[in-house]
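Computed over heavy atoms, backbone and side chain alike; hydrogens, waters and symmetry mates excluded.
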Amino acid sequence: ARFTEGEEVVVFLDRDETLPFSYLIGLAQGKFSVRRDPGGAAVGRDLAELALVATGPNGALGAPVSAAPPAAPPALDTFEADIRAALQAP
């Protein structure tokens, strides 16, 4: 994932106790850019340079599959509420 100075983002990070820093989960999949306009804020991901590859039962890699964007980016407040609910689920 690429970041631009001043860019507003929501990121999903993980930490390895052996490293002095946190890292982005899932590469570009872990970065959501916030886009604000007069109607509110929404989040979205740029997965244009990302290809997903499935593995077969023997571990062989399949053909890359492009990630399809959602029909409409979710509103930032809905996105945050969904994450909080998922974190509290048993």
Exercise for review: Output every pair passing salt bridge (Lys or Arg N to Asp or Glu O under 4.0 Å) with a member in residues 74-90, not counting sequence neighbours, ordered by first then second residue.
Suggested key: none
**Study point:** Inter-residue atom distance Glu8.CD - Leu76.CG, 0.5 Å rounding
**Key:** 7.0 Å
State which residues pass side chain to side chain donor-acceptor pair (under 3.5 Å) with [X]; sequence neighbours excluded, sorted by chain then number.
{"X": "Thr18", "answer": "Asp16"}
{"X": "Glu17", "answer": "none"}
{"X": "Asn58", "answer": "none"}

Show the atom names and distances, to 0.1 Å, of all donor-acceptor pairs under 3.5 Å that link a side chain in residues 26-34 to residues at least two apart or in another chain.
residue: Lys31; atom: NZ; partner: Arg2; partner atom: O; Å: 2.3
residue: Lys31; atom: NZ; partner: Glu7; partner atom: OE1; Å: 3.3
residue: Lys31; atom: NZ; partner: Glu7; partner atom: OE2; Å: 3.0
residue: Ser33; atom: OG; partner: Glu7; partner atom: OE2; Å: 3.1

Exercise for review: Using the test side-chain contact (heavy atoms from CB on, under 4.5 Å), find all partners of Leu13 that sit at least two apart in sequence or belong to another chain.
Suggested key: Val11, Ser22, Leu24
Review point. Can Phe79 be reached from Leu87 by stepping across I, L, V, M, F, W or Y side chains whose heavy atoms are under 4.5 Å apart?
Key: yes
Exercise for review: Answer with yes or no whether the hydrophobic clustering places Phe12 together with Val9; edges join I, L, V, M, F, W, Y residues whose side-chain heavy atoms lie under 4.5 Å apart.
Suggested key: no
